[in-house]
2 protein chains.
Amino acid sequence: MPRRPSLTPPQLASAALDVVDRDGLAGLTMRAVATQLGVSTMGLYRYVKDRDELEALVVETVLGEIDTDPPAPAQGASWQDQLTVMARRLRDAVGTHPSTVPLALTRRYRSQAIMRWSETVLAILATAGIHGEQRVIALRALLAYAIGAIQLEHLGGPSGLDALAAAPGTPAAGDFPLLAESGPVANAITRDAEFHGGLAVLLRGLAR
Amino acid sequence: MPRRPSLTPPQLASAALDVVDRDGLAGLTMRAVATQLGVSTMGLYRYVKDRDELEALVVETVLGEIDTDPPAPAQGASWQDQLTVMARRLRDAVGTHPSTVPLALTRRYRSQAIMRWSETVLAILATAGIHGEQRVIALRALLAYAIGAIQLEHLGGPSGLDALAAAPGTPAAGDFPLLAESGPVANAITRDAEFHGGLAVLLRGLAR
DNA sequence: CTGGTAGGCGTAGCTTGTACGCCTACAGGT
DNA sequence: ACCTGTAGGCGTACAAGCTACGCCTACCAG
């Protein structure tokens with residue numbers, strides 16, 4: 001029992017997040033995090049087994065910021081409104097650390113935070129009268145949409161709309177008339193409106 | 001004009017894909033691909049500028065396998081049916097090379113293949129009477145759902161359902177009663193049914 | 001005061017990407 | 001037929017990254 005560890009997991013996590021937010025995902029190296037903490041490179045290995053474990057810590061920290069309490073079912077908030085709140089919370093948490101998007105959504109960490117989120121979403125779906133298989137499908141559809149939409153948003157997405165919205169006309173726009181026509185339209189929609197618009201479509205489908 | 005290049009882009013792409021399919025994404029190194037091609041490591045650099053460019057080539061090849069012709073609007077195929085076909089084609093193409101999932105969906109390559117796919121989807125949406133802003137939102141929602149669902153499917157997804165479905169009871173299942181209850185249900189649903197189920201919800205939402 | 005345990009870290013090896021520069025095969029002019 | 005310039009092909013070498021290993025030392029218990 002000699003000596004207490006001088007670094008706590010929260011310290012680790014926050015140092016790693018600092019590095020990522022400052023230098024991007026590529027800057028997340030063992031050395032960089034160690035330096036940020038003021039210890040030697042190998043000193044880090046006292047606290048994490050792996051680079052992988054370090055990344056898991058980052059992801060867990062980002063997702064841990066999600067508020068997973070059921071949204072106050074106060075006044076006339078429909079279950080659709082509640083699900084919208086949950087989706088937005090997920091999006092906001094990840095959006096606060098955009099560099100971690102590939103990490104957070106690609107890795108299949110058994111994240112406690114996502115389990116809490118899922119539990120709350122399931123509860124809301126239950127109040128909507130959705131049960132059994134349909135509820136599982138609804139949960140996964142919501143998660144899939146959220147993951148995909150966040151990714152499109154932060155990675156530019158391979159949608160082609162961005163390309164044409166950014167540089168209309170220039171490329172072989174003639175081959176894609178509808179895409180070319182949609183470019184300016186897409187440009188005029190805010191990220192928020194897009195996210196909520198798609199979500200609304202999904203929620204409308206859930207209501208019988 | 002002396003000498004013709006001895007390696008063609010398709011050869012490059014197929015060698016890289018072979019490596020990925022065999023050794024996984026981590027096995028995709030310049031050396032490995034060069035060896036697969038029977039050239040020296042540096043010989044590769046005659047054909048690609050970068051490791052990045054090599055990855056782009058892989059992605060483009062995988063997505064290039066998507067059939068983007070409009071589905072035969074033969075008999076009584078509704079626009080919903082047609083969109084389902086398009087979504088399934090995207091899922092199938094990526095699913096053929098599961099290791100490339102993080103690559104294909106994470107990178108924001110201005111993929112020609114995805115542009116063709118988007119164009120066809122826009123056309124189908126147009127026949128459904130969806131135009132302007134709503135059509136852009138619908139396209140992105142479909143793409144977001146597809147990307148997210150494919151990712152959940154192939155990366156195990158951080159949904160928590162997998163964990164509880166695989167090892168029911170063991171973890172602190174008491175903290176997540178609904179999740180625990182849903183585990184077995186989720187287990188009984190095939191990947192196909194899940195993908196189509198979620199998609200159906202989305203399509204139902206698109207129909208007024 | 002002392003001994004053992006566990007934290008802390010320096011060294012070094014392996015893997016990876018890639019800059020650089022030499023060698024050589026080939027087409028075309030003489 | 002020969003020479004020459006261009007571009008393909010590749011070997012060497014280095015930087016950066018992860019991490020196995022093992023020494024040193026601070027600390028707590030007795």
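Here is how names work: the chains are called A, B, and so on, in the same order as the sequence lines, proteins then strands, and each is numbered from 1.
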For atom [atom1] of [X] and atom [atom2] of [N], their distance in whole Å:
{"X": "B:Tyr45", "N": "C:dT16", "atom1": "OH", "atom2": "P", "result": "12 Å"}
{"X": "A:Asp50", "N": "D:dC18", "atom1": "CG", "atom2": "P", "result": "11 Å"}
{"X": "A:Leu54", "N": "D:dT19", "atom1": "CG", "atom2": "C1'", "result": "14 Å"}
{"X": "B:Glu55", "N": "C:dT16", "atom1": "CD", "atom2": "P", "result": "14 Å"}
{"X": "B:Leu7", "N": "D:dG9", "atom1": "CG", "atom2": "P", "result": "7 Å"}
{"X": "A:Met42", "N": "C:dC9", "atom1": "CE", "atom2": "P", "result": "11 Å"}
{"X": "B:Leu44", "N": "C:dT16", "atom1": "CG", "atom2": "P", "result": "14 Å"}
{"X": "B:Arg51", "N": "D:dA16", "atom1": "CZ", "atom2": "C1'", "result": "14 Å"}

B:Thr100 side chain vs B:Leu103 backbone, donor-acceptor pair below 3.5 Å: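 Side chain of B:Thr100 to backbone of B:Leu103, a donor-acceptor pair under 3.5 Å: no, none is there.
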Please check if the side chain of B:Glu119 supplies one atom and the backbone of A:Leu178 the other of a donor-acceptor pair under 3.5 Å.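 Present.
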Compare the minimum distances between each of C:dT18, C:dG8, D:dC21 and the side chain of B:Thr41, then state the nucleotide with the smallest one.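 Of the options given, the side chain of B:Thr41 lies nearest C:dT18.
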What nucleotide among D:dA20, C:dG7, D:dG11 has an atom nearest to a side-chain atom of A:Tyr47?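 Within the option list, the nearest is C:dG7.
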Bend across the helix from C:dC1-D:dG30 to C:dT30-D:dA1, to 10°, with axes taken over 5 pairs at each end?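 Roughly 10°, once rounded to the nearest ten degrees.
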State which residues pass salt bridge (charged side-chain N to carboxylate O under 4.0 Å, His left out) with B:Glu181; sequence neighbours excluded, sorted by chain then number.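 For B:Glu181, the residues satisfying salt bridge (charged side-chain N to carboxylate O under 4.0 Å, His left out) (neighbours in sequence not counted) are A:Arg135.
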Of the residues in residues 11-33 of chain B, which ones touch DNA chain D at a heavy-atom distance under 4.0 Å?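 Contacts with DNA chain D under 4.0 Å: none.
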With sequence neighbours excluded, residues passing side chain to side chain donor-acceptor pair (under 3.5 Å) with A:Thr68: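 Per chain and number, A:Thr68 pairs via side chain to side chain donor-acceptor pair (under 3.5 Å) with A:Arg116.
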Can you run down the ring pair (Phe, Tyr, Trp, His ring centres under 6.0 Å) pairs that involve residues 183-202 of chain A, sequence neighbours left out, and say none if there aren't any?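 Output for this query lists A:Tyr145-A:Phe195.
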Per the ring pair (Phe, Tyr, Trp, His ring centres under 6.0 Å) rule, what does the pair list look like for residues 13-38 of chain B, sequence neighbours excluded?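 Non-adjacent pairs meeting ring pair (Phe, Tyr, Trp, His ring centres under 6.0 Å): zero.
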Under 3.5 Å, side-chain donor or acceptor atoms of residues 12-21 of chain B against the rest of the protein: list the pairs with distances, not counting sequence neighbours.
from    : atom 1 : to      : atom 2 : distance (Å)
B:Asp21 : OD1    : B:His97 : ND1    : 3.2
B:Asp21 : OD2    : B:His97 : ND1    : 2.9

By side-chain contact (heavy atoms from CB on, under 4.5 Å) - contacts of B:Arg204 (at least two apart):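 side-chain contact (heavy atoms from CB on, under 4.5 Å) check on B:Arg204 returns A:Arg208, B:Val201.
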Not counting sequence neighbours, which residues clear side-chain contact (heavy atoms from CB on, under 4.5 Å) with A:Asp81? List them please.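 Partners of A:Asp81 under the side-chain contact (heavy atoms from CB on, under 4.5 Å) test: A:Ala77, A:Ser78.
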Between the base of D:dG9 and the side chain of B:Arg46, is there a donor and acceptor pair under 3.5 angstrom?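 Indeed, a donor on one side and an acceptor on the other fall under 3.5 Å apart.
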